[in-house]
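The shown structure was predicted, so the numbers you read here are calculated from the model rather than taken from an experiment. All values below were derived from every heavy atom in this structure, side-chain atoms included, with hydrogens, water molecules and symmetry-related copies excluded.
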Amino acid sequence: MITTELRLNHRKYHGQIETFRLEKYLGKKPTRPIEEIEETFGDLFSASTIESLIRSIEGGEAGQSQTERKSRQNLLQLARLGFIKRGTGEISAEIEKYRNSVRVRFGEETLTFEEVPARIMSETDPAVRREIFERSVGDLYGCADLVYERISQTNRLAKKLGFADLADLFSEITGLDLRALAKKCEDFLADSAEDYFRFLSAIKPDSPLGAEGSGFSEYYYLSHKIERKKIFPGNRLAFFYEHLLENFGFSSGKIPRIIFKRMEAEKSTRVFAPRIPEEVFLLVSRRDGAENYLDFLAGFGRAQKNVWTSPRMCRKYPEFVNGPDGVLGLAYGHFFQLLLIDRDFWQKSFFPRQNKPNPAYLRENIFRLFFHLRRAALRFLAELEFYSAGNRDVEGLEEKFSQKCTENLGFEFLKKQMAFELTTDFSAQKKLRAFLFACGLREYLLGRHDFHWWKKRAAFEELIDFWNTGERYGAEEMASLIGFELSFDLVAEIFAFRG
């Protein structure tokens, strides 16, 4: 398959996948079933396509531009990732089927696995909360063998492609020494522990937990207690959307390619981009609470990045729009989430008539992001070891990382829980690097546009310039081009709020 045809088919493939996901989210009958889409575009991820791309890269056509070489590298990495995904598709479907079939029986209640967190949040008895959670983990663990078999199968396919394991493949995709990144993660977890546990201790007295308060069920309960639903009403997110844009001197009318729709509270806030940059859906839940506002801000960042991506690049190099690394879309989402721990933004957007809003609200938002960041770091460390070990000493690794997660997050992680902390596509390192990029970008804009950068049109126009490049650059490369570095020290400093 020639490169021009590959690119055209990649654009069609991602568009049809996004359309399928959007239709499924809206409860509509899909225009094309997912199986049909995957079958139609299967050649994108075939062994023959991989071999053809390797030959074209190694051949190094005379006069081939740096952009062309990089684009072919992206096509090759997308083909490799797709090859592995297709090769583990059957076992992934089995896991999903099992997960959907889980029914947690408690007394006269029967819960699906997805209903468990909400049930725990509404339960006032800590012993009952713990029992429900432990039963759900125990029931789900019935497919743990499939989870670990998928890891082994993933590594076998990575070896077939010439890599030691999945981590080795991602080292090539990211251009990073993942072991060195893991060492920085370990240092960050140790260095930021005092600040993290200070936040956790400050929040607990306002949201009393049970005597057995270290169980992971108590994290669900605590996160529910600090939702602050009156401060974060879901029915005002449309106004909040306009508020963000108006701060920058823009309006939704100037960005008609983002289709903003309010959804029922039961839905989660999501972004779908079937035609970048012409058509991006920002579908926003009416659910009250801080978590939905964080989801919205993440969606706001992703949607803006998509609609401002260069139309020419979308047509000519779709592999720079939906690239193999995929960190920057997450990063711009985390970047806007950081507004909820910005004291000036917080006061002017939520408490304009008060001189000093309650600092507990800020602490709670910092805790949420801090928890998610530390959990991503721990997941990355676990994935690195689990994928390296394959099916060897699974029980020992479960023991090691359940203890490590418990010690670093302050909530007890069960051994059986670890099987479901592992992501299927080594994505924990993406979330981690996205946080690092977001914090670096925030510091960069503070330096150029002062503490009220979120009220400067020039800051938004500068962001548009960054968004224009899509995923052409990796997070570290993009940071270098802008003028900053990804730094755990900076992240620790941002999260060390003492108000």
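- By the 4.0 Å N-to-carboxylate-O rule, Lys305 lies close enough to Glu471 to be salt-bridged with it.
- Looking at heavy atoms from C-beta onward, Phe386 lies out of side-chain contact with Leu381 at the 4.5 angstrom threshold.
- Taking a 6.0 Å sphere around NZ of Lys184, one finds it holds 12 or fewer heavy atoms contributed by other residues, nucleotides or ligands.
- From Leu245, atom CG reaches atom OG of Ser251 across 7.0 Å, with rounding to the nearest 0.5 Å.
- Side-chain contact between Leu282 and Lys261 is absent, with no heavy-atom pair separated by less than 4.5 Å.
- Counting heavy-atom neighbours within 6.0 Å of Lys348 NZ, excluding the residue itself, gives a total above 12.
- When ring centroids are compared, Phe367 and Phe197 stay outside the 6.0 Å threshold.
- A donor-acceptor pair shorter than 3.5 Å cannot be found between the side chains of Gln429 and Thr174.
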**Request:** Just do the side chain to side chain donor-acceptor pair (under 3.5 Å) check on Asn468 and Thr309 with the steps written out, would you?
**Result:** CA-CA 4 Å; Asn468 191 254; Thr309 298; over 6 Å; no

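- You'll find the ring centres of Phe484 and Phe437 inside the 6.0 Å limit.
- Ring geometry for Phe188 versus Phe370: interplanar angle of 30 to 60°, hence tilted.
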**Message:** Let's go through Glu291 and Ser223 carefully: what are the C-alpha distance in whole Å and the side-chain angles of both, what is the deciding distance for side chain to side chain donor-acceptor pair (under 3.5 Å) to 0.1 Å, and is it a yes or a no?
**Reply:** CA-CA 9 Å; Glu291 198 69 43; Ser223 63; 6.0 Å; no

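- Nearest heavy-atom pair, Asp288 versus Asn235, reported as atom, atom and distance to 0.1 Å: OD1-N, 4.3 Å.
- Residues Leu26 and Phe281 are not in side-chain contact: their nearest non-hydrogen atoms beyond the backbone lie 4.5 Å or more apart.
- Judged by the 6.0 Å and 45° rule, Lys267 forms a cation-pi pair with Tyr25.
- Using a 4.0 Å cut-off between charged side-chain N and carboxylate O, Lys456 and Glu462 make no salt bridge.
- Using the six-membered ring where Trp is involved, Phe296 and Tyr241 have ring planes that are perpendicular, over 60° apart on the 30 and 60° scheme.
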**Asked** Are Lys225 and Glu218 close enough, and set up right, to give a salt bridge (Lys or Arg N to Asp or Glu O under 4.0 Å), and what steps lead you there?
**Response** CA-CA 10 Å; Lys225 287 295 183 182; Glu218 298 307 280; over 6 Å; no

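- Phe335 has its ring centre less than 6.0 Å from the ring centre of Trp453.
- A cation-pi arrangement is found for Arg257 relative to Trp308, the charged atom lying closer than 6.0 Å to the ring centre and inside a 45° cone about the ring normal.
- Surrounding CZ of Arg86 are more than 12 heavy atoms belonging to other residues, nucleotides or ligands, all under 6.0 Å away.
- Considering every non-hydrogen atom in both Asn74 and Gly323, the closest pair reads ND2-CA, 4.4 Å.
- Between the side chains of Glu23 and Thr31, at least one donor-acceptor pair of N or O atoms lies under 3.5 Å.
- Between Arg198 and Asp195 there is a salt bridge, since at least one side-chain N of the basic residue sits less than 4.0 Å from a carboxylate O of the acidic one.
- Looking at every heavy atom in both residues, Leu200 comes nearest to Leu409 through CD2-O, 3.9 Å.
- For Glu172, the salt bridge (Lys or Arg N to Asp or Glu O under 4.0 Å) partners two or more places apart in sequence, or in a different chain, are Arg80.
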**Prompt:** Would Ser285 and Glu264 count as a side chain to side chain contact (heavy atoms under 4.5 Å, CB included) if you check the C-alpha gap in whole Å, the side-chain angles of each, and the deciding distance to 0.1 Å?
**Reply:** CA-CA 6 Å; Ser285 171; Glu264 56 268 33; over 6 Å; no

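- In this structure, Arg374 forms a cation-pi arrangement with Tyr196, its terminal cationic atom sitting closer than 6.0 Å to the ring centre and no more than 45° off the ring axis.
- Ion pair Arg270/Asp295 not flagged as a salt bridge, since none of the NZ, NE, NH1 or NH2 atoms sits closer than 4.0 Å to an Asp/Glu carboxylate oxygen.
- Neither side chain, Gln337 nor Tyr293, offers a donor N or O lying under 3.5 Å from an acceptor on the other.
- Looking at every heavy atom in both residues, Leu340 comes nearest to Asn365 through O-ND2, 3.2 Å.
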**Message:** Checking Asn9 against Glu5 for the side chain to side chain contact (heavy atoms under 4.5 Å, CB included) test, could you report, in this order, the C-alpha distance in whole Å, the side-chain angles of both residues, the deciding distance, and whether it holds?
**Reply:** CA-CA 6 Å; Asn9 285 339; Glu5 186 181 357; 3.7 Å; yes

**Message:** I'd like to know whether Leu432 forms a side chain to side chain contact (heavy atoms under 4.5 Å, CB included) with Cys185, so could you lay out the CA-CA distance, the side-chain angles of the two residues, the decisive distance to 0.1 Å, and finally the verdict.
**Reply:** CA-CA 9 Å; Leu432 182 66; Cys185 276; 3.1 Å; yes

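- Glu319 and Arg11 are not joined by a salt bridge, as no carboxylate oxygen comes within less than 4.0 angstrom of a charged side-chain nitrogen.
- Shortest non-hydrogen contact noted between Ser402 and Phe413 is CB-O, 3.4 Å.
- Contact annotation: the side chain of Lys183 approaches that of Asp187 to within less than 4.5 Å [non-hydrogen atoms, C-beta and beyond].
- A salt bridge between Glu385 and Lys404 is absent, with no side-chain N of the basic residue lying under 4.0 Å from a carboxylate O of the acidic one.
- For the ring pair (Phe, Tyr, Trp, His ring centres under 6.0 Å) test with Trp454, the passing option among Phe345, Phe460, Trp346 is Phe345; the others fail.
- Here the two rings, on Phe216 and Tyr219, have centers that are under 6.0 Å apart.
- For Phe240 and Phe350, the ring centers are positioned less than 6.0 Å apart.
- Cation-pi geometry between Arg457 and Phe250 is satisfied (NZ or CZ under 6.0 Å from the ring centre, within 45° of the ring normal).
- Residues Phe320 and Lys70 are in side-chain contact: their nearest non-hydrogen atoms beyond the backbone lie under 4.5 Å apart.
- Checking Ser427 against Arg379 by side-chain atom types alone, no donor-acceptor pair falls below 3.5 Å.
- Considering all non-hydrogen atoms of both residues, Ala434 and Leu330 come closest at CB-CB, 3.6 Å.
- A salt bridge links Arg7 with Glu68: the closest approach of a Lys/Arg side-chain nitrogen to an acidic carboxylate oxygen falls below 4.0 angstrom.
- With salt bridges taken as basic N to acidic carboxylate O contacts below 4.0 Å, one links Asp325 and Arg433.
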**Message:** I'd like to know whether Tyr473 forms a ring-ring contact (aromatic ring centres under 6.0 Å, His included) with Phe466, so could you lay out the CA-CA distance, the side-chain angles of the two residues, the decisive distance to 0.1 Å, and finally the verdict.
**Reply:** CA-CA 10 Å; Tyr473 306 105; Phe466 304 152; over 10 Å; no

**Request:** Please lay out, stage by stage, how Arg375 and Glu421 fare under the test salt bridge (Lys or Arg N to Asp or Glu O under 4.0 Å).
**Result:** CA-CA 9 Å; Arg375 190 175 185 180; Glu421 287 294 301; 2.6 Å; yes

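- Other residues, nucleotides and ligands contribute over 12 non-hydrogen atoms within 6.0 Å of the CD atom of Glu407.
- Under a cutoff of 6.0 Å and an axis angle of 45°, Arg228 and Phe232 do not form a cation-pi pair.
- Glu242 and Ser252 share a donor-acceptor pair across their side chains, judged by distance under 3.5 Å alone.
- Between Phe300 and Tyr332 there is no side-chain heavy-atom pair separated by less than 4.5 Å.
- Around atom CD of Gln66, no more than 12 heavy atoms belonging to other residues, nucleotides or ligands sit under 6.0 Å away.
- Between Thr19 and Ile37 the shortest side-chain heavy-atom distance does not fall below 4.5 Å.
- Thr469 places none of its side-chain heavy atoms less than 4.5 Å from the side chain of Ser310.
- Taking 4.0 Å as the cut-off between side-chain N and carboxylate O, Arg179 and Glu186 do not count as a salt-bridged pair.
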